[in-house]
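Before any comments, here is the structure.
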Amino acid sequence: MNCADASFPVSFLFPQNPLCALWLNDFMSKALPKRSENYSEWYNEIVKRADLAENSAVRGCMVIKPYGYAIWEKMQRALDDMFKATGHQNAYFPLFVPKSFLEKEEEHAEGFAKECAVVTHYRLKANPDGKGLIVDPNAKLEEELIVRPTSEAVIWNTYKNWIQSWRDLPLLINQWCNIVRWEMRTRLFLRTTEFLWQEGHTAHATENEAIEEAERMLEVYATFAENWIGLPVILGLKTPNERFAGAIETYCIEAMMQDGKALQAGTSHFLGQNFAKAFDVKFVNKENQLEFAWATSWGVTTRMIGALIMAHSDDNGLVLPPKLAPVQVVIIPIYKTPEDLATISEKVNPLFEELKAAGISVKYDDSEHQRSGWKFAEYELRGVPVRLGIGMRDLENGTVEVARRDTLSKESKPIDGIVQHVRLLLDEIQENIYNKALKFREENTFMVDTWDQFKEQIEKGGFLMAHWDGTAETEAAIKEETKATIRCIPLLSAEMAGKCVYSGKDSAKRVVFARAY
RNA sequence: CGGGGCGUAGCACAGCCUGGUAGUGCGCUCGGUUUGGGACCGAGAGGCCGCAAGUUCGAAUCUUGCCGCCCCGACCA
């Protein structure tokens, strides 16, 4: 940040004035940038100040800090349970993909070629000309290894040995791991060179079964996004142009962020027999005939944390959905003397245990090196859904101050029955932030029927529901002129014939256009 | 890879133009007063001024080279 940043108008008045810097320092130590003034700066600051992640010493790679990682762990837990409930098992495949594997499925290879990290040597040695280490030229690998950008190649090479009979199918495997895609420009959680994800890879005996699987997992993702993240999503199909490299069909869930831009929150692919053919994975069917297996793959990434932030948070900081909040309830004592604190703690300790017993993750912050006001602001910044404040006055009245993060409202409640109240409140917050996000999306989704309307609206942001003639040429032309892409062809909307917003040709249904992350 | 900007304390920055004891705020340590929405006062600790070479009696400051990072574009979950 510098003094010429447009979000700080004062700096324009006194760009040379050292007070400008002092003022900024003071300002920055407290308030966040405002969403309305500088959305991306607001996002970056939330990630850092809420202690979720930071840039690492390694270009393009992030350090996910404990608080951010705790959110990922909660996401993993919920998703993993859902994968298990739909019959999947976890396994682990190698980080390295021999180049020859990656080459086998041609479209796949082409799609990923330009963003691969390549291992060429297996040894370093002392630099004979001075300090440090150099790559040992005698340790060149016979075949280069690619750091996995995705694991279809390694996995289908393995499946070849696992699949012989229809009895071996379906094969339903998932893995949690890291992957590397060499990105030009990165942003914490949204796009980094290395990121964490899960990738499901399944093999089936029939085309229909594989398509059902791809759609089933899309449903799982949608359920997770809506019920856990509180993020309303549109289920859809990608256009051929936006498809995963090597897929027959790519399904996706698309969400709207608070700046009106779209973010893809998960994808599921029907891969047909492309990988089975590339890796020669055949099975004998019930009629004793050899057939290629049918495949799917599906994944969600740490990008969902970015989606979570951008969907719900406000100018005071992070707003976490209770189901994914590492700390759901924080209790803050308000006291003057150590004796008061002891008295308050006596009352809080059983309450703390009771909340814990009710399955609520609760933190009692009785640390003495920060004042209560500081704690209020800090936990607000970190998005803790519910805050309970207890002071001497409350002890006299038998009350607790209950503050909710989503509405920033406070009320005094009797301490008796507070656990039940908190439990209901957490549910209410979970529901409220979903409804808020849904309302926002609805208010920023527009039916657009003319090209002029399209060009005007896209500048203001949001989802544009418009007819498209189905050609790649039109799709490319629209992208070229407006930077808007077809986010998806919605699965659940009815066919309703019309005319393409760009070419005027016939169109069967509206698709979702937006600028995207 | 093209265009722009920046490297000075843990963080954010001033100082550089015009060379001469390295500064400010936040944070940190200690002491005191405070404490229902980011307290205040006092005393401290903390620096190869990105790296290297050059100019000079003297370089954070001038010159040259290198390295790194950030922003804007093309690519992308």
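All values reported here derive from a predicted model rather than from experimental measurement. A note on names: the letters A, B, ... follow the listed sequences, proteins ahead of strands, and every chain is numbered from 1.
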(message) Measure CD/A/Glu242 against C1'/B/rC75 and give the value in whole Å, please.
(response) 12 Å
(request) Write down the distance between CG (A/Asn55) and P (B/rG68), rounded to a whole number of angstrom. (result) 16 Å
(request) Decide if the gap between the ring center of A/Trp298 and the ring center of A/His88 is smaller than 6.0 angstrom. (result) yes
(message) I need the residues from residues 366-384 of chain A with at least one non-hydrogen atom less than 4.0 Å from RNA chain B; give them sorted by number, or say none.
(response) A/Arg371, A/Ser372, A/Gly373, A/Trp374, A/Phe376, A/Ala377, A/Glu378, A/Glu380
(message) By the 4.0 Å heavy-atom rule, please label A/Gln264 as base, sugar-phosphate, or nothing.
(response) sugar-phosphate
(message) Using the side chain to side chain contact (heavy atoms under 4.5 Å, CB included) definition, which of the options A/Ile253, A/Val233, A/Leu235 pairs with A/Tyr221?
(response) A/Ile253
(request) Figure out the CD/P separation between A/Glu54 and B/rC70, and round it to whole Å. (result) 13 Å
(request) Could you please name the option among B/rG36, B/rA77, B/rG37 that lies closest to any side-chain atom of A/Thr192? (result) B/rA77
(request) Please report, rounded to the nearest Å, how far the C1' atom of B/rA77 is from the CD1 atom of A/Ile179. (result) 7 Å
(request) Would you mind classifying the nucleic acid contact of A/Lys410 as base, sugar-phosphate or nothing, using non-hydrogen atoms under 4.0 angstrom? (result) base
(message) For A/Glu475 and A/Thr239, which I'm curious about, is there any donor-acceptor pair between the side chains at under 3.5 Å?
(response) yes
(message) Between A/Glu199 and A/Ser151, is there a side-chain donor-acceptor contact under 3.5 Å, judged purely by atom types and distance?
(response) yes
(message) Checking A/Trp42 now: which residues fulfil ring-ring contact (aromatic ring centres under 6.0 Å, His included) with it, not counting sequence neighbours?
(response) A/Tyr39
(request) Please work out if A/Lys336 contacts a base, only the sugar-phosphate, or nothing of the nucleic acid, heavy-atom cut-off 4.0 Å. (result) base
(request) Check whether any side-chain heavy atom of A/Leu188 sits under 4.5 Å from a side-chain heavy atom of A/Asn44, and report yes or no. (result) no
(message) Please report the distance, rounded to the nearest Å, between CZ in A/Phe224 and P in B/rA77.
(response) 20 Å
(message) As a test of reading the structure: which of B/rA77, B/rG37, B/rC75 is closest to the side chain of A/Arg387, going by heavy atoms?
(response) B/rG37
(message) If I take atom NZ in residue A/Lys238 and atom C1' in nucleotide B/rA77, what distance separates them, rounded to the nearest angstrom?
(response) 10 Å
(request) Using both pair distances under 3.5 Å as the test, note the stems of at least 3 consecutive Watson-Crick or G-U pairs that include RNA chain B. (result) B:1-7 with B:67-73, B:10-13 with B:23-26, B:28-33 with B:39-44, B:50-54 with B:62-66
(message) From CG of A/Asp340 over to C1' of B/rU34, roughly how many Å is that when rounded to an integer?
(response) 14 Å
(message) Under a 3.5 Å cutoff, is there a donor and acceptor pairing between the side chains of A/Lys238 and A/Gln264?
(response) yes
